[in-house]
Amino acid sequence: MGQPHELDSYQLLDALSAGKLNTGVQDAPAESNTENDSLSAAPATPRTRRRQTYPEYFGFTEKPFDLTPNPDYLYLPHRHKDMLAALLMGLEEGKGFLKLTGEPGTGKTTLCKSFLKNLKGPYRFACIHIPAEDGIELLQSLNQQFSLPADSTSKKELVRELSRFLLSEHKAGRRTAILIDEAQNLPAAVWEEIRLLSNLETETEKLIQFILLGQPALDRFLSKAEWKSVRQRIALQRVWTPFNREETRGYIRYRIQRAGGKGKVLIDDRAFDNVHRFSKGVPRMINALMDRALTLAHNERTKKISGKIIRQAADDLGGLDREPSFLQTCVKAVLGLILLALVAGAGLFYAVRDQLDWRPAWGIDLDPVIQHNLMNPHPAGKLESMQPSSANLQAPVGPPLVTPSGAYRVVHAGHLHGYFSTMTGGESEAYAQRWMLKTWGVTLETIAELKQAGWKNLQTQNGLQTLSLNANLERLTTLNYPALITLDLGETTGRHRVTYLGRIGNIGLFGAKGLLQIPLALIDPVWDRKVEIVWKNFENLPESLGRNDEGETVLWLQAQLKTLGFFDKPDAQYGPLTEKAVERFQQAHRLEVTGRLDRQTQALLYSQLTTYRTPGLAGK
């Protein structure tokens with residue numbers, strides 16, 4: 001019996017094809033002379049045959065269709081060159097956000113690397129390839145790439161370091177830009193941080209620009225109402241589409257030539273057609289198909305790539321379907337038109353229905369909802385989508401409508417400007433603060449009383465404190481607290497503060513000099529998403545509780561989580577079970593999942609417990 005063969009797969013195949021593999025059957029001894037016998041008695045030196053690779057077979061200097069993105073192999077058809085030129089122009093002109101989307105595998109990452117490699121001029125870039133989990137991680141990553149202090153976990157400190165750097169670069173005449181790859185994977189908290197960073201500017205221009213690369217899911221994410229302010233900052237957007245048939249042919253030829261293979265491999269027309277039909281023009285799939293096809297051609301000892309070899313390569317890869325035929329495409333197009341007509345009809349129906357629902361809403365007297373229901377221990381009502389999106393934003397300035405009880409109903413943007421044009425920003429802030437105190441049962445007849453006592457002093461006297469955060473309506477609904485927000489009504493009217501008190505359908509309820517009823521479609525474009533909620537730390541909890549903390553405070557936390565159905569056995573130890581319970585509580589209420597009892601989680605916890613009297617948002 002022969003010994004096991006310690007050969008790799010290529011050596012094994014070579015040995016089998018040459019008939020040199022020891023199968024345990026001894027060959028007949030050959031006649032030999034003494035010299036040969038003496039040589040055969042010496043131990044044989046093993047000879048290793050190295051398998052020739054297909055780049056060597058075809059004479060390539062390297063693999064032309066490697067799947068790793070390589071900026072040296074960037075192929076740009078004419079229409080893609082136009083997109084890249086527009087991207088560069090947007091960067092040079094200091095535009096806000098530049099967005100490029102495309103299907104997976106269409107070459108966005110290769111473009112990203114080539115863009116950074118070949119860009120000339122006074123630019124400083126940071127490139128985010130792995131999405132950050134939260135705002136802190138994003139800031140740490142940016143500071144690290146710019147060689148700034150990045151170890152701090154304080155957002156304030158990280159932003160301060162980044163701001164100093166941006167100002168110094170601006171003074172030196174250099175532009176700073178952040179390129180974010182796979183932007184559709186960013187969580188909401190990171191998007192909010194990006195929006196805030198985009199506000200860093202001098203009197204004349206932005207200090208930082210963002211280039212967003214992403215899949216079509218990025219467009220769907222940014223289409224949500226809460227990200228309208230981000231959409232408004234996008235100055236340039238392009239869609240990076242797959243190659244057509246001729247571009248696929250050019251791409252294959254370009255990469256072969258780039259790898260030194262010009263004239264060394266023959267590809268027939270059917271092969272080109274099959275590559276495009278199986279890959280659908282996606283560069284990543286073209287690379288996979290051609291890499292496998294060249295391997296098959298090498299194994300067959302041919303330097304011609306035929307349509308049959310491409311079909312075999314597609315079978316080996318699996319999961320690839322041909323592009324539909326012309327007849328199939330026509331049938332699909334007709335069915336698509338029919339479906340589009342049905343969808344359009346349904347959309348028209350719902351649009352008319354929404355308009356019909358919208359108008360009678362003004363017939364409801366909303367004032368009592370606020371005046372007699374400021375203290376509400378129950379969870380806020382279900383958050384509905386903002387409608388109508390077609391609210392009249394352009395209308396003459398004038399006073400809003402007045403209800404029988406003296407509240408104001410804003411119908412269009414002209415009413416909004418007319419209302420706040422009668423007061424200064426400081427006065428509107430004082431009125432909003434008075435409303436906020438009223439929700440906590442602290443009544444002041446005039447804003448003069450508030451100014452005399454002082455906003456901070458009044459909070460301290462009543463055991464209240466302010467929590468500042470970035471939030472959209474969804475998060476405010478989750479927290480279920482009235483919130484101070486700022487409306488930017490332009491240079492003429494200025495910035496004014498109101499207290500958000502809740503919503504009834506599509507109408508927001510706000511406290512200012514009086515009670516305001518405003519369509520949320522009017523609020524969305526003028527609200528910067530920075531909010532302040534006023535809350536009470538009933539149990540004097542520390543700023544944060546987390547793993548390894550212990551004592552009565554932890555026991556209290558566990559008891560409250562048990563009341564709400566998130567914990568089973570209190571033990572006064574903030575261990576893994578408590579941490580998981582806090583994470584479930586945060587996740588259930590759409591907070592940032594940290595497992596720590598931070599200020600936002602504390603405020604939310606109090607609002608969910610009926611034993612503590614907290615104000616809630618009005619709504620139904």
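The analysis underlying the following values was restricted to heavy atoms, covering all of them including side chains, and did not include hydrogens, waters or symmetry mates.
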Check: T493 side chain, G490 main-chain N or O, donor-acceptor pair, under 3.5 Å
no
Any side-chain heavy-atom pair of L142 and I128 under 4.5 Å:
yes
Original post:
Would you say the side-chain atoms of K513 pair up with the backbone N or O of Y431, donor to acceptor, closer than 3.5 Å?
Top reply: no
**Prompt:** So do the side chains of F510 and V410 get within less than 4.5 Å of each other, counting heavy atoms only?
**Reply:** no
Here the salt bridge (charged side-chain N to carboxylate O under 4.0 Å, His left out) pairs for residues 214-227, sequence neighbours left out, are K99-D219
Rounding to 0.5 Å, atoms CG (L464) and OG1 (T466) come to a distance of 8.0 Å
From CA spacing to verdict: side chain to side chain contact (heavy atoms under 4.5 Å, CB included), L218, L186: CA-CA 9 Å; L218 176 60; L186 295 178; over 6 Å; no
Q.
Quick check against the 3.5 Å criterion: does R529 have a side-chain atom that pairs as donor or acceptor with the backbone of W527?
A. yes
- Give a yes or no on this: more than 12 heavy atoms of other residues, nucleotides or ligands lie within 6.0 Å of atom CG of N462. yes
Determine yes or no for a side-chain-to-main-chain donor-acceptor pair under 3.5 angstrom, with D524 supplying the side chain and A521 the backbone. no
What verdict does the ring pair (Phe, Tyr, Trp, His ring centres under 6.0 Å) test give for H589 and F585, after you've listed the backbone C-alpha separation in whole Å, the side-chain angles of each residue and the deciding distance to 0.1 Å?
CA-CA 6 Å; H589 296 90; F585 177 76; 4.6 Å; yes
Closest non-hydrogen atoms of F567 and A581, given as atom of the first, atom of the second and distance, are CD1-CB, 3.5 Å
M423 and S428 have their tightest heavy-atom pair at SD-CB, 3.7 Å
In short, salt bridge (charged side-chain N to carboxylate O under 4.0 Å, His left out) pairs touching residues 445-472 with sequence neighbours left out are none
- Message: When you compare the side chain of L545 with that of V582, does any pair of heavy atoms fall below 4.5 Å?
- Response: no
Next item on the list: List the steps and the verdict of side chain to side chain contact (heavy atoms under 4.5 Å, CB included) for N537 and R599.
Entry: CA-CA 9 Å; N537 191 354; R599 288 305 195 198; 3.2 Å; yes
message = Checking the side chain of E169 only, and the main-chain atoms of L207 only, is there a donor and an acceptor separated by less than 3.5 Å?
response = no
**Item:** Any R233 side-chain heavy atom under 4.5 Å of N199 side chain
**Value:** yes
Nearest heavy-atom approach of L489 to H496 is CD1-CD2, 4.3 Å
Interatomic distance, CD1@I211 vs CD1@I178, rounded to 0.5 Å, equals 9.5 Å
Is a side-chain donor or acceptor of Q586 paired with a backbone partner of G595 at a separation under 3.5 angstrom?
-> yes
The reported gap from CH2 in W455 to CG in N457 (rounded to nearest 0.5 angstrom) is 12.0 Å
In terms of heavy-atom contacts, A126 and F146 come closest through CB-CZ, 3.7 Å
_Worked verdict on D571 versus L577 for side chain to side chain contact (heavy atoms under 4.5 Å, CB included)_ = CA-CA 10 Å; D571 57 6; L577 294 179; 5.7 Å; no
Taking atom types as modelled, find out whether R584 and Q587 have a side-chain donor-acceptor pair closer than 3.5 angstrom. no
request  = Measure up the W556 and Y612 rings against each other and bin them: parallel (under 30°), tilted (30 to 60°), perpendicular (over 60°).
outcome  = perpendicular
Any donor-acceptor N/O pair, Y500 side chain to L473 backbone, under 3.5 Å = no
Does R495 use its side chain to pair, donor to acceptor, with the backbone of G425 at less than 3.5 Å? no
- Task: Report yes or no: do T601 and D598 form a side-chain donor-acceptor pair below 3.5 Å?
- Result: yes
- Message: Between I180 and I194, is there a side-chain heavy-atom distance shorter than 4.5 Å?
- Response: yes
Q: May I ask you to check whether E182 and Q184 show a side-chain donor-acceptor distance below 3.5 Å?
A: yes
When rounded to the nearest 0.5 Å, the distance separating CD1 of I518 from OH of Y408 is 12.5 Å
So the salt bridge (charged side-chain N to carboxylate O under 4.0 Å, His left out) pairs with at least one residue in residues 530-539 (sequence neighbours excluded) are R497-E532
Rounded to the nearest 0.5 angstrom, the CG-NZ distance for L162 and K155 is 13.0 Å
Note: V190 and G135 closest approach over all heavy atoms is CG2-N, 4.2 Å
- Message: Could you check whether any side-chain N or O of Q558 sits under 3.5 Å from a backbone N or O of A572, counting only pairs where one atom can act as donor and the other as acceptor?
- Response: yes
In terms of heavy-atom contacts, L597 and Q602 come closest through O-NE2, 3.1 Å
If only atom types and distance count, is the side chain of S141 paired as donor or acceptor with the main-chain N or O of L138 below 3.5 Å?
no
* Asked: Are side-chain heavy atoms of Q140 and L158 found at a separation under 4.5 Å?
  -> yes
Rounded to the nearest 0.5 Å, the CD1 atom of I533 sits from the CG atom of L467 at a distance of 4.5 Å
For residues N506 and L520, determine if any side-chain heavy atom of one lies less than 4.5 Å from a side-chain heavy atom of the other.
no
Check: L213 and W240 side chains under 4.5 Å, non-hydrogen atoms = no
*asked:* Test side chain to side chain contact (heavy atoms under 4.5 Å, CB included) on W191 and L222; report intermediate values, then the result.
replied: CA-CA 10 Å; W191 276 109; L222 293 178; 4.2 Å; yes
